[in-house]
There are 2 protein chains.
Amino acid sequence: MKTRDKILLSSLELFNERGERNITTNHIAAHLAISPGNLYYHFRNKSDIVYEIFQEYEKLVDYYLDIPEDRPMTLDDLAFYLESVFDGLWSYRFFHRDLESLLDSDPRLRLGYRAFTDRCLVSIGRIFSKLAEAGIIEAQPDALRSAMSLNVWLVITNWMAFLKTAHASGQAPELSLRELKQGIYQVLTLELPYLTPEYRERVLTLREKYRPALACQNG
Amino acid sequence: MKTRDKILLSSLELFNERGERNITTNHIAAHLAISPGNLYYHFRNKSDIVYEIFQEYEKLVDYYLDIPEDRPMTLDDLAFYLESVFDGLWSYRFFHRDLESLLDSDPRLRLGYRAFTDRCLVSIGRIFSKLAEAGIIEAQPDALRSAMSLNVWLVITNWMAFLKTAHASGQAPELSLRELKQGIYQVLTLELPYLTPEYRERVLTLREKYRPALACQNG
DNA sequence: TCATTATTAGAGTATATACTCTAGGCAGTC
DNA sequence: GACTGCCTAGAGTATATACTCTAATAATGA
């Protein structure tokens, strides 16, 4: 594998494990047993590394959220979208963790992320539309659908932060993909009241698969 | 005013304006035109300053979310709770912005924040209960109420981050309290489907007061 | 073969930042 | 006056971190 790709891969790995804020370019170089000079031969600065990783992330999610228009949506589709989005969130979890400071230190990233958010919100709205067309949820007026999409987005993108902060277990809250996917339970909770009677039970069953363990069920 | 209090006040101000990550103890001292040594006479380290500010925040929110048990809840109460919580969020807005790294660097804060979250979730759940008792929303099973409370919490605590990241306007996204309170619109969106027919219109009217301007209504 | 280009090492630098240390001022009080 | 306790100044330090520079080595192509 090319050094350049190794840098991207290791950076992602280290960022995810310990947070972008805590990983220096020297750490990355040391992790790969290459020199700092070598790293800076391949990337002008740390922001460039982050930006490139963001673009991968973007591409992945865009790919998953490409809603086919030529056929009706099924419940399986919904399950797939949710699983995929949370998989992406997991693979690039460092990103939402330090989002604000990342955007502060790179205007490109700010613009790119804003556009990304917009696309995601559109996709979520489209999913709601198609769910309604398929008779899985009741149809909703545009304004309501927008507001709901936004709430879905807020829950999805911040569920991990909640888990990390709410975790009681010791100082170093280690997360698992499994726990992260309990966020799907929360997302489906948002849709609950809009389900059609025909699909209600099936969605409840799906939702039940992601029910959090008792420890996290506070409140 | 005592130097110690001035330090707390200036710190909060600077943290809110530019983020805790970007404000050093030297900045704080310079802002107050005192020496670093002076600052460190009053506080052992930066974490202690942050922790003390957190305790103020905690106290404020706890005070607002002290739900009286001796009388039924009104819609005005709900409006008051929402307004108060968002006021608190605004006054201490640096906190949620850099939450993760703050908790990473201070175990006290991690524990304190976790307990704080739990109390808030309980309060939100209690509000839902009392809204149901008052006939404003339909009664809900415990599990649903817990999940909904959690969603409300996620929306409330992350609405500001969303605004800051979604703001297109230039590099330096300046927020206003007014914009922040559009979060109330999002929170009330969550409750919409559970409203009783008698109160539906009144809550919709309340919600309308916080409708975001068009620029933010994407998705 | 040899010149050119791509890659790498590794020492080094400028800057920032949290924090320390020493000396001293000032108010009250015996 | 001098002692005491609180407060303040400000120079200074250890460490970290993003990044640079030069020179050497490998790879490539004519």
_Interatomic distance, A:Y40 OH vs D:dT22 C1' [rounded to whole Å]_ = 18 Å
*Report the residues that fulfil side-chain hydrogen bond (donor to acceptor under 3.5 Å, both in side chains) with A:E56, sequence neighbours left out, ordered by chain and then residue number.*
A:Y92
_5′-ward residue of the pair B:N45/A:P36 relative to DNA chain C_ = A:P36
_Selection: residues 7-25 of chain B, any non-hydrogen atom under 4.0 Å of DNA chain C_ = B:T24, B:T25
*Mind checking B:I34 for me? I need base, sugar-phosphate or nothing, with any heavy atom below 4.0 Å counting as a touch.*
sugar-phosphate
*Between A:R126 and A:E69, does at least one N-O distance fall below 4.0 Å, as a salt bridge requires?*
yes
*Spacing between B:K2 atom NZ and D:dT8 atom C1', to the nearest angstrom*: 14 Å
*May I ask you to decide if A:M73's main-chain N or O and A:D77's side chain share a donor-acceptor pair within less than 3.5 Å?*
no
*Would you kindly say whether B:E83 and B:Y210 are connected by a side-chain donor-acceptor distance under 3.5 Å?*
yes
*Side-chain ion pair, A:D104 and A:R110, N-O less than 4.0 Å*: yes
_When you measure from the side-chain N and O atoms of B:H42 to the phosphate of D:dT8, is any distance below 4.0 Å, counting only OP1 and OP2?_
yes
_Once you measure the plane-to-plane angle for A:H96 and A:Y57, does it fall in the parallel (<30°), tilted (30-60°) or perpendicular (>60°) bin?_
perpendicular
*Provide the start and end nucleotides, 5' to 3', of the part of DNA chain C that has atoms under 4.0 Å from heavy atoms of chain A.*
C:dA6 to C:dG10
*Check against salt bridge (charged side-chain N to carboxylate O under 4.0 Å, His left out), A:R145 and A:D142*: CA-CA 5 Å; A:R145 193 173 56 235; A:D142 283 0; 3.0 Å; yes
*Is the shortest distance from a Lys or Arg side-chain nitrogen in A:E191 or A:R207 to a carboxylate oxygen in the other one below 4.0 Å?*
no
*asked:* Under 4.0 Å, heavy atoms only, any strand: does B:A33 hit a base, just the sugar-phosphate, or nothing?
replied: sugar-phosphate
_With a 4.0 Å cutoff (strictly under), does any side-chain N or O of B:S35 reach OP1 or OP2 of D:dG10?_
no
*Taking atom types as modelled, is there a side-chain donor on A:T165 or B:Y113 under 3.5 Å from an acceptor on the other?*
no
*Report the distance from atom NZ of B:K6 to atom C1' of D:dC7, rounded to the nearest whole Å.*
12 Å
